[in-house]
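Down below is the structure, laid out as structure tokens.
When reading the values below, keep in mind they use all heavy atoms of this one structure, side chains included, and skip hydrogens, waters and symmetry mates.
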Amino acid sequence: MSADLAAFPDRQTVADKLAALGEADRAYLRLLMENAKQDENLLEGLALHLDHAATARFLNTLKLEKLGEWLGTVAPARLQVRLTETARSSQHAAYAAFRAGLTRSGGLERAYPKA
């Protein structure tokens, strides 16, 4: 495994971490969010995870809401708008559940308070 591969995970790796979302996965994703160069990988992995959830036979909306709430809480301000755009990119119930958790977290309001 090369150093570049470890530094820049592919979207499948990120999607797998988002799907599991254990303590080790959360720590990994927090580290990923610290570097602005890895924002695209994180967002592509999130989109892939939501697409997999949308095509799954069983839709676990509670898990998607918790993911949205967690990401909205821990993601830096620079990602909040892009997370919201991703959540609103589809009308599918998987995206709606993620959007509900993201809204409940209040991350966008903390990042960009009303004047």
*Report the distance from atom CG of Leu32 to atom CG of Asp25, rounding to the nearest 0.5 Å.*
12.0 Å
*Mark yes or no for whether Lys63, through its side chain, and Ala19, through its backbone, hold a donor-acceptor pair below 3.5 Å.*
yes
_same_hphob_cluster(Leu102, Val81) at 4.5 Å side-chain heavy-atom cutoff_ = no
*Between Leu42 and Leu21, is there a shared hydrophobic cluster once you connect ILVMFWY residues whose side-chain heavy atoms come closer than 4.5 Å?*
yes
*Would you say Leu64 and Leu108 are hydrophobically clustered, going by side-chain heavy atoms of ILVMFWY under 4.5 Å?*
no
*Look up atom CG in Leu50 and atom NE2 in His92, then write down how far apart they are to the nearest 0.5 Å.*
10.5 Å
*Is there a donor-acceptor pair closer than 3.5 Å between any side-chain N or O of Asp51 and the backbone N or O of Leu48?*
no
*Return the minimal non-hydrogen interatomic distance between Ser89 and Tyr95, and the atom names on each side.*
OG-CE2, 3.4 Å
*asked:* Taking the side chain as everything from C-beta on, heavy atoms only, tell me whether Asn60 gets closer than 4.5 Å to Leu62.
replied: yes
_Heavy atoms of other groups near Arg11 CZ, more than 12 under 6.0 Å_ = no
*asked:* Strictly distance-based, threshold 3.5 Å: is any side-chain N or O of Gln38 a donor or acceptor partner for the main-chain N or O of Met33?
replied: no
*Value rounded to 0.5 Å, distance of CG in Asn41 from CD in Gln12*: 13.0 Å
*Indicate yes or no for a side-chain donor-acceptor contact from Arg110 to the backbone of Ser105 under 3.5 Å, with no hydrogens or angles considered.*
yes
*Roughly how far apart are Leu46 CG and Leu83 CG, rounded to 0.5 Å?*
6.5 Å
*Given side chains that start at C-beta, do those of Val14 and His49 come closer than 4.5 Å, heavy atoms only?*
no
*What's the spacing between Leu18 CG and Leu71 CG if we round to 0.5 Å?*
6.0 Å
*Which pair of heavy atoms, one from Tyr112 and one from Ala77, lies closest together, and at what distance?*
OH-O, 3.6 Å
*Test Phe98 against Thr61 for side-chain contact (heavy atoms from CB on, under 4.5 Å), laying out the working first.*
CA-CA 8 Å; Phe98 177 74; Thr61 57; over 6 Å; no
*Just checking, is any N or O donor in the side chain of Thr13 or Asp10 under 3.5 Å from an acceptor N or O on the other one?*
yes
*Quick one: salt bridge (charged side-chain N to carboxylate O under 4.0 Å, His left out) pairs with a partner in residues 64-88, sequence neighbours left out?*
Asp39-Arg78, Glu40-Arg82, Glu65-Arg104, Glu69-Arg104
